[in-house]
Amino acid sequence: MSSPAAGNDAGLADPLLANGDGTGRGGAGSKDKKKYWVPADEEEILAAEGRGGEDGRPLLYRTFKVKGILLHPYRLINLARLIVIIQFLVWRMRHRDTDSMVLWWVTVFGDFWFGVSWLLNQASKLNPIRRVPNLALLNQRFDPPGDGSSSSSSQLPVVDVFINTVDPVDEPVLCTMNSVLSILATDYPVGRHATYFSDDGGSLVHYEALLEAARFAAVWAPFCRKHRVEPRAPESYFAAKAEDAGPYAGDAPAQFVDDRRHVRREYEEFKARLAALFTVIPQRSEAHGPDSAKGATPTFMADGTHWPGTWLEPAANHKKGQHAAIVEVVLNHPGGEPQLGAPASSENPMDLSAVDVRLPMLVYIAREKRPGYDHQKKAGAMNVQLRVSALLSNAPFVINLDGDHYINNSAAFRAAMCFMLDPRHGEDTAFVQFPQRFDDVDPTDRYSNHNRVFFDATSLGLNGIQGPSYVGTGCMFRRAALYGADPPRWLPPDGSVSKQLSSSDNDPCHHFGNSMPFINSIPLATHHERPVAPPASIDGELAAVATCAYEDGTGWGDGVGWVYNIATEDVVTGFRIHRKGWRSMYCATEPDAFRGTAPINLTERLYQLLRWSGGSLDMFFSRNSPLLAGRRLHPLQRVAYANMTAYPISAAFIFVYDLLPLMWLSGSEFYIQKPFATYAAYLFAGIAMMEVSGMVEITWAGITLLDWCRNEQFFMVGATGVYPAAVLHSLLRLVGLKGLPFKLTAKPQSSGAAAAARERFAEVYEVQWAPLLVPTVVVIAVNVAAVGAALGRAAAGGWSLPQLAATAGGMLFNAWVLLLLYPFALGIMGRWSKRPYLLFVLLVVTLAAIAAAYVALLPVFAPRFVSPFWLGFWSRLGGFISPASWRI
Ligand SMILES: O=c1ccn([C@@H]2O[C@H](COP(=O)(O)OP(=O)(O)O[C@H]3O[C@H](CO)[C@@H](O)[C@H](O)[C@H]3O)[C@@H](O)[C@H]2O)c(=O)[nH]1
Ligand SMILES: [Mn+2]
């Protein structure tokens, strides 16, 4: 039965619709979340049925939209808000009555910008679409069950997996190897995927760790296949609580407990060997002694030869930033035929006689590093992976993972394939993006690491337009799209992607560099059917395409591959692909397809945010600006990219607003806008409508109120420090100064059992002072001081009743700002934040002190009670507003 409808129920198998509950396992809430979504593709299915029968290509995913009962009110409330905003701005323009014309203009401009940025943000969310891959149908069509473990009958396309790392200590090698193991054991035909491990540190530790991982994988992968365990990253698998594990899914329940015990022991030994690398390698090298010619102790490989990468003791050509290219095949291509393992024996207690024990191909790459070259960080590394893999396996699809992300759901590759092979938009789909999910985030997600609003609402909105943006990890690409091809739907009727790639230019070297084997591989990259068959004798070529000079004067980093010269290579690379008219698809699975680590320390998180916001702004002000894209970019997609790249600009205004809580202190004496009651009513209505819309949004997105609040809070935290810094940086860059560095995000230094032994989430409580924290501290101080001073003045009897009422209303704004900055305040309290009530005690004491000081100083600064202390102080200090306007 390959009729599309036949698989509707089977394929919709619960797993892939829900969002997850943050644990990565199907939570009780999953069912609930689904109830707001209804099928949106009945017509397509009927049409396909009409065409199809046995020969029709099956529809490999189903499409859902939000139920009318939520969608219509959602759109309506946003439309209403738009009308209110326009009315508000018109009203303000018509009522230019204020106590300060300068402030009036600043706030009119600010309100206008907030309106625009809200619109940019909202417009792309009005048609959320969820797509649910139909794995059953995919398997039926492309990977029918053979004789048990056989994968030779599979017609699933080949996939090249890229994984990146830099340093075995900063990015703990155990974590990276867990990612590698999760790939080696994933549920995809063994002969049909190959992994390319990029080591930007050129470190022997990584290479030998891979050898160890390959050795352990010989036990781990067959164990996973035999018992169908999940997840296939051993650290997470063994750390999972029994109640989180699903029912037993394998074929040999009787052997499971013994096998698991055996593999666990093997894993412990593997971990010990991994840890020992940090002592074995130095000891081995010491034993060989120094090299008289180089004056340093070389780092020796196990076979007694010099390691060509970086040495423990840096020497010329063997140090960070300066070493040769290394490409080593750690596990060779396994061939097409399954190979069953041995039955249980005294040496090998695990019976593998019915399990395919082959391992997929695994390749180690350390690209060449030379002083004087800009190596372009992660983007540069991935472009090298793209070329090396083209020579070895040249898969039509590529999936990329950060070293700290592992496959959490073995069906991930197949899920992505459902979108790539679907007859509807498959051919025009350039990439399938999975949400980023994280382990080890503190339970209340203080710094909004989970980014649920982005991943569960915004991304679904984009999914209803041209597709989600690329977020750097957990994304499957069509190789041809990375090479700069146009999507079939924009090709002339007689054109094909493959033809275009082979004939686009008379001089392919100009685009792709001058490796002929590589250039010859390009048109083949569109063939889905071709199995992996590594060509003979290309060793020299492998290293050649991994050199620095290879890209000189070519299109790499511009029209070809991942995009260069920007801190956020991800958004811009996805944008360049969308700009050509390709689509992308969003795929949220249950359990989560991939999981990774996130920075839970405030300062680290802010630096990450700085990289993202600074990179985004750089993109906005570059020739990759969404405003400059051609007509192939969907209009709403353009709006979405404008929002994604220009959002930090809002911060400039937010900063001003946050620093001017002072106006509330003057009671009836000072109004930015008169009549004040109408002004306040508009503001109130605007905020209220946004919150109502937000509540509808979290309902269809299936996220919690806390997720929503964290998102709002972290926007404010960013807006008071990071975003202004990003704006400043972008302005400097515009006048020719250097771009933002890619500062590696800190990784948790131990995981699993070791972490449990230490304090969990210890990094949350670490305070690392950095200039980036200062502006937000100032904003908090100003707001607290303003409230304190107002209280003092009220206590001293300086206000009439209506004035008091106005001030109290105004102080809601201060309270709002402080509430939004609450996670930040906790962050700078460090360990004290374990007792958040201390913060409130501190707040009350500070307010009382300021109030008292205000009362005491009042006669000095404002003898006639006409001007509040802070106002006078600021207007004198700042001097940017004419003192006369303050009516002193
Ligand atoms: O010179 C470099 C620098 C980084 N990386 C790798 O890049 C990845 C991401 O770096 P990380 O420090 O973990 O940054 P994050 O802030 O966690 O990364 C997020 O933001 C990046 C864009 O700023 C995206 O590329 C990532 O996919 C996304 O997870 C890691 O695997 C690194 O090993 C390299 O390979 N070479
Ligand atoms: Mn990371």
Side-chain angles (χ1 to χ4, degrees), residues 161-173 175-180 183 196-203 206 310 320-321 364-369 373-386 399-406 431 433-441 447 449-451 454-455 469-475 477 546 548 557 562-575 594-601 603-619 644-645 722 726 739-748:
V161 188
F162 297 174
I163 175 158
N164 298 79
T165 192
V166 176
D167 187 292
V169 176
D170 293 345
E171 300 184 288
V173 67
C175 172
T176 318
M177 289 306 130
N178 259 273
S179 308
V180 171
I183 302 167
Y196 296 85
F197 179 97
S198 159
D199 172 16
D200 259 348
S203 147
H206 276 138
T310 51
K320 285 216 171 87
Y364 170 90
I365 303 173
R367 58 195 168 122
E368 187 196 26
K369 294 281 175 71
Y373 270 92
D374 185 343
H375 295 105
Q376 302 289 353
K377 302 288 175 180
K378 180 181 169 192
M382 288 193 291
N383 284 340
V384 170
Q385 283 165 305
L386 205 53
I399 194 156
N400 97 281
L401 290 186
D402 288 350
D404 54 344
H405 286 246
Y406 63 88
F431 60 94
Q433 176 68 60
F434 292 85
Q436 287 186 4
R437 304 289 195 215
F438 304 99
D439 293 325
D440 291 327
V441 170
Y447 306 129
N449 273 297
H450 285 308
N451 258 324
F454 177 77
F455 285 117
S469 55
Y470 166 48
V471 294
T473 175
C475 186
F477 285 93
C548 306
W562 276 270
V563 178
Y564 287 164
N565 300 322
I566 186 156
T568 43
E569 81 299 331
D570 44 4
V571 182
V572 71
T573 303
F575 167 76
F594 303 96
R595 291 182 76 82
T597 66
I600 57 171
N601 175 265
T603 308
E604 284 293 335
R605 175 78 169 108
L606 292 180
Y607 272 115
Q608 184 185 47
L609 208 63
L610 180 64
R611 161 151 46 85
W612 289 346
S613 52
S616 300
L617 262 187
D618 287 350
M619 174 174 156
M644 260 183 274
T645 50
V722 173
L740 266 186
F742 192 125
K743 183 186 166 302
L744 213 59
T745 302
K747 310 291 186 296

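Whatever order the structure lists ligands and atoms in, that order sets their numbers, starting from 1.
Atom-to-atom distance recorded for His375:NE2 and Tyr564:OH is 10.5 Å, nearest 0.5 angstrom. Taken to the nearest 0.5 Å, the OG1 atom of Thr310 stands 9.0 Å off from the CG atom of Asp167.
The ligand atoms of ligand 1 that sit less than 4.0 angstrom from a heavy atom of Lys747 are 11 (P), 12 (O), 13 (O). Proximity to Leu744 (heavy-atom distance under 4.0 Å) selects the following atoms of ligand 1: 3 (C), 4 (C), 12 (O).
Not a single heavy atom of His375 sits under 4.0 Å from any atom of ligand 1. Using a non-hydrogen distance threshold of 4.0 Å, Gln436 registers as a contact of ligand 1. In this structure, Ser198 falls outside the shell of residues with a heavy atom less than 4.0 angstrom from ligand 1.
At a cut-off of 2.8 Å, Asp402 does not coordinate the Mn ion (ligand 2) through any N, O or S atom.
Residues meeting the salt bridge (Lys or Arg N to Asp or Glu O under 4.0 Å) test with Arg367, sequence neighbours left out: Asp200.
Across Thr473, Asp167, Asp402, heavy-atom proximity to atom 26 (C) of ligand 1 is greatest for Asp402.
Side-chain atoms of Glu171 never come within 3.5 Å of backbone atoms of Thr176 as a donor-acceptor pair (strictly under, hydrogens ignored). Between the side chain of Ser179 and the backbone N or O of Asp404, no donor-acceptor pair lies under 3.5 Å.
Residue contacts with ligand 1: His405 is placed with no nitrogen or oxygen under 3.5 Å of a nitrogen or oxygen of the ligand (distance criterion only). Polar contact check, Thr568 against ligand 1: no nitrogen or oxygen pair lies under 3.5 Å apart. At least one N or O atom of Asn164 sits closer than 3.5 Å to an N or O atom of ligand 1.
Using a 4.0 Å cut-off between heavy atoms, Asp570 contacts ligand 1 through its side chain alone, with no backbone atom that close. Looking at Val471 against ligand 1, only its backbone comes within 4.0 Å, counting heavy atoms. Using a 4.0 Å cut-off between heavy atoms, Pro599 makes no contact with ligand 1 at all.
Of the residues listed (Asn383, Asp570, Asp402), the one engaging Lys378 in a side-chain hydrogen bond (donor to acceptor under 3.5 Å, both in side chains) is Asp402, and it is the only one. Test Asn451, Asn449, Thr473 against Gln436 for side-chain contact (heavy atoms from CB on, under 4.5 Å) and you get one pass: Thr473.
Aromatic ring orientation, Tyr364 versus Phe197: parallel (interplanar angle below 30°, classes split at 30° and 60°).
No other N/O/S atom of Asp404 lies as close to the Mn ion (ligand 2) as OD2 does.
In this structure, the protein non-hydrogen atom closest to atom 36 (N) of ligand 1 is Asp200 OD2, 2.7 Å.
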